[in-house]
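Data first, discussion second: the structure below is written as structure tokens.
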Amino acid sequence: MKKTLSAILLLLQVSVPIFSENEAIVPCPPLPTSHQVAWQQMETYAFVHFGLNTFTDQEWGYGDISPEKFNPTDLDCEQWARVFVEAGMKGVIFTAKHHDGFCLWPTKYTDYSIRASPYLDGKGDIVGQLAEACRKYGLKFGLYLSPWDRHQAFYGTPLYPEYYVLQMEELLTNYGELFEIWLDGANGGDGWYGGAKEVRKIDSRTYYNIPRIHETVFRLQPQVIIFSDGGPGCRWVGNEKGFAGATNWSFLHSNKVFPGYDRSKELTSGHRDGDVWVPAECDVSIRPGWFYHKAEDEKVKTVDQLVDIYYRSVGHNATMLLNFPVDRTGRIHPNDSLRAVAFHQRIQQELGKNLLADKKKPETDGDFETYTVLHSGSVLELNLPKRTKLNRLLLQEYIPLGQRAEEFRIDYYDGSAWHPIDAGEETTTIGYKRILRFPAVQARRLRLTILGSRAPVLISEVAAFYAPEL
């Protein structure tokens, strides 16, 4: 039912969810779990790659490097945690085992681990140290356990999936509550494999017995978000640049996407007609590589680059997972930490003051749980206190009841006429959060028009900002 502008303005006088007469808001599947909503509200969190590759200047270790090489001289997980907090991160995912198979906790299932290294005379446990630092500094903790293992002689045999599940059980039971488990899409290929030095190919759709892995994870930590190409908790965004599509659905077709999915470009925008809720996570490294390389000390992403990634990840209905390659001392390099903190400060500066804030209206009260209902064709008009300069606009849908908007338009009134706002990208989906950047305008009023939707759109927040042009 199309609402007139006067009717909308009348309805906006109340500060509760708005309903048309005799209208009931029903869920619009697929829907997120409460854990998926909480995960998306984290928005930005850290990734850490650290291991034997750090000491051999490699990205993908072959699996043949001696654990004797691993010996950080000044490892301090609390330094990592402090950097993440100061950079506005809400959690960290740690690479407990990369493709080379070297384990950074004292697993009892292989001697290719930190127990065989000189670090703390073989008595170290970096997974445990970081878990403790996260608890101290209020960060959520997650782990990456690579399904591929280029070290083990039995990779590619029926024994390896058993070994993998046993290691997963160790990590899930010994380090407290986890918010995410990260499963990489790189599976099978050349490796050391106990000295065989050969190529081993597996069918990633069947080899690992993924249903069993999921059952193990949810049995031990039912709240955890599982990352992989196809989720089920969250999905890879289809690139390692940190960018989601301007059109970004939090849906996938069930049982279609598998580890190493051969049409990964689809993951950048999701499946509009998907039947399961699998939102996108944008993984990107603060440096060109994922592991530390001294030659990249002067190649850390600039503040402008990181800000752009934020707007194209969090601002495109995704989350931002920013990788920090820990150096050979066992610390985050100052070039990385200073840049990350400056990035966070810039975002706070640009999005710090909502020029539309009004506690009396559900779409501007800063409360995610209140929302305004807009049908396709509906118009929501918002007044500014005076003619105001702005160049950022933030929109949010109340996603617990579904993602609904398919197309929208933003106009501004400059005191004499209405003009369209051109953000230079599609204004299609909104989802959990959509942020538009555009050349500064002087506006007295703003107008949001829903041009198409899957169901009535539940707008939980509209915010306008002026970001100083540096």
Side-chain angles (χ1 to χ4, degrees), residues 47-56 58 61-81 92-136 139-155 159-184 191-194 213 216-217 219-221 224 291-292 325-331:
F47 213 178
V48 169
H49 278 66
F50 184 53
L52 280 175
N53 292 346
T54 308
F55 297 87
T56 58
Q58 293 177 306
Y62 196 60
D64 59 346
I65 302 299
S66 168
E68 291 288 328
K69 289 278 187 180
F70 184 83
N71 192 21
T73 56
D74 193 24
L75 189 142
D76 185 355
C77 289
E78 288 198 15
Q79 185 253 359
W80 308 359
V92 56
I93 298 172
F94 181 60
T95 305
K97 184 192 82 169
H98 202 249
H99 311 324
D100 64 350
F102 182 71
C103 300
L104 291 169
W105 79 101
T107 174
K108 61 185 178 183
Y109 297 109
T110 179
D111 58 1
Y112 199 57
S113 77
I114 198 170
R115 286 192 295 110
S117 79
Y119 174 65
L120 296 183
D121 296 323
K123 297 177 182 178
D125 180 355
I126 300 178
V127 173
Q129 288 172 255
L130 184 53
E132 184 176 342
C134 285
R135 285 190 288 271
K136 179 175 179 178
L139 293 164
K140 294 186 178 181
F141 187 46
L143 290 169
Y144 167 15
L145 183 68
S146 172
W148 189 16
D149 193 316
R150 304 172 93 185
H151 173 80
Q152 294 298 347
F154 50 84
Y155 181 83
L159 177 59
Y160 181 78
E162 300 296 321
Y163 166 81
Y164 186 80
V165 166
L166 289 171
Q167 287 201 318
M168 184 68 79
E169 288 179 338
E170 280 187 323
L171 293 173
L172 291 167
T173 54
N174 293 332
Y175 298 101
E177 183 174 300
L178 304 178
F179 82 95
E180 185 169 327
I181 289 290
W182 219 83
L183 307 180
D184 199 283
W192 186 69
Y193 302 128
I213 293 173
T216 301
V217 171
R219 172 171 49 83
L220 296 173
Q221 300 233 16
V224 83
F291 284 91
Y292 176 79
V326 171
D327 68 20
R328 293 184 182 184
T329 68
R331 289 173 169 257

Under a 3.5 Å distance rule, please check whether Ser113 uses its side chain to pair with a backbone N or O of Pro106 as donor and acceptor. no

What distance separates Phe154 CZ from Glu162 CD, expressed to the nearest 0.5 Å? 11.0 Å

Indicate the atoms forming the closest heavy-atom contact of Gly51 with Leu104, along with that distance. CA-CD1, 4.3 Å

Find out whether Val48 and Thr95 are in side-chain contact, i.e. whether some heavy atom of one side chain is under 4.5 Å from a heavy atom of the other. no

So, does Lys97 use its side chain to make a donor-acceptor pair with the main chain of Leu145 at under 3.5 Å? no

Check for a donor-acceptor pair, side chain of Trp148 on one end and backbone N or O of Tyr155 on the other, with a separation under 3.5 Å. no

Between Phe70 and Phe102, what is the ring plane arrangement, given parallel below 30°, perpendicular above 60°, and tilted in between? tilted

Check: Tyr62 side chain, Gly191 main-chain N or O, donor-acceptor pair, under 3.5 Å: yes

What orientation do His151 and Tyr112 show, parallel under 30°, tilted 30 to 60°, or perpendicular over 60°? parallel

Any non-hydrogen side-chain atom of Gln58 less than 4.5 Å from a side-chain atom of Asp100? no

Mind checking the NZ-CD1 spacing from Lys140 to Ile93? Nearest 0.5 Å is all I need. 12.0 Å

So which heavy atom on Pro67 is nearest to which on Ser117, and how close? O-CB, 3.4 Å

Is the backbone N or O of Lys108 less than 3.5 Å from a side-chain atom of Glu170, with the two atoms forming a donor-acceptor pair by type? yes

Are Thr54 and Val326 packed together at the side-chain level, in the sense that at least one heavy-atom pair is separated by less than 4.5 angstrom? no

Between Gln152 and Tyr163, is any side-chain donor less than 3.5 angstrom from a side-chain acceptor? yes

Of Thr173, Leu171, Leu172, which meets side-chain contact (heavy atoms from CB on, under 4.5 Å) against Gln221? Leu172

Minimal non-hydrogen separation, Met168 against Leu183, with atom names: CE-CD2, 4.0 Å

Just by modelled atom types, is the His49 backbone N or O under 3.5 Å from a matching donor or acceptor in the Tyr144 side chain? no

Evaluate the salt bridge (charged side-chain N to carboxylate O under 4.0 Å, His left out) criterion for residues Arg135 and Glu177: first the C-alpha distance (whole Å), next the side-chain angles of each, then the deciding distance (0.1 Å), finally the verdict. CA-CA 10 Å; Arg135 285 190 288 271; Glu177 183 174 300; over 6 Å; no

Looking only at heavy atoms, which two atoms of Asp125 and Trp105 are closest? And how far apart? OD1-CB, 3.4 Å

Looking at Gly61, is its backbone amide N or carbonyl O close enough to the side chain of Asn53 to form a donor-acceptor pair, meaning the two atoms are under 3.5 Å apart? yes

Any side-chain heavy-atom pair from Trp80 and Val92 closer than 4.5 angstrom? no

Which distance, rounded to the nearest 0.5 Å, do you find between the CD of Glu78 and the SG of Cys134? 10.5 Å

What's the separation between atom CG in Leu143 and atom CD1 in Ile181, rounded to the nearest 0.5 Å? 5.5 Å

Would you say that more than 12 heavy atoms from the other residues, nucleotides or ligands in this model lie under 6.0 Å from the CD of Gln79, or not? yes

Stepwise side chain to side chain contact (heavy atoms under 4.5 Å, CB included) test for Val127 and Phe141: CA-CA 10 Å; Val127 173; Phe141 187 46; 4.1 Å; yes

Flag side-chain contact, heavy atom, 4.5 Å: Tyr164 against Asp149: no

State the OG1-CG distance between Thr329 and Asn71, to the nearest 0.5 angstrom. 11.5 Å

Quick one: do Gln129 and Leu75 satisfy side chain to side chain contact (heavy atoms under 4.5 Å, CB included)? Show the steps, please. CA-CA 10 Å; Gln129 288 172 255; Leu75 189 142; 3.6 Å; yes

Report the C-alpha separation of Ile126 and Phe50 in whole Å, then their side-chain angles, then the decisive distance to 0.1 Å, and conclude whether the side chain to side chain contact (heavy atoms under 4.5 Å, CB included) test is met. CA-CA 10 Å; Ile126 300 178; Phe50 184 53; 3.9 Å; yes

Search all heavy atoms of Leu178 against all heavy atoms of Val224 and return the closest pair with its distance. O-CG2, 3.6 Å

Within a 6.0 Å radius of atom CG on Asp74, are there more than 12 heavy atoms belonging to other residues, nucleotides or ligands? yes

Where the side chain of Arg150 meets the backbone of Gly101, is there a donor-acceptor pair that is under 3.5 Å apart? no

Side chain to side chain contact (heavy atoms under 4.5 Å, CB included) evaluation trace for Tyr175 with Phe94: CA-CA 12 Å; Tyr175 298 101; Phe94 181 60; over 6 Å; no

Under 6.0 Å between ring centres, would you say that holds for Trp182 and Phe47? yes

Would you say the side chain of Pro118 lies within less than 4.5 Å of the side chain of Glu68, judging by non-hydrogen atoms? yes

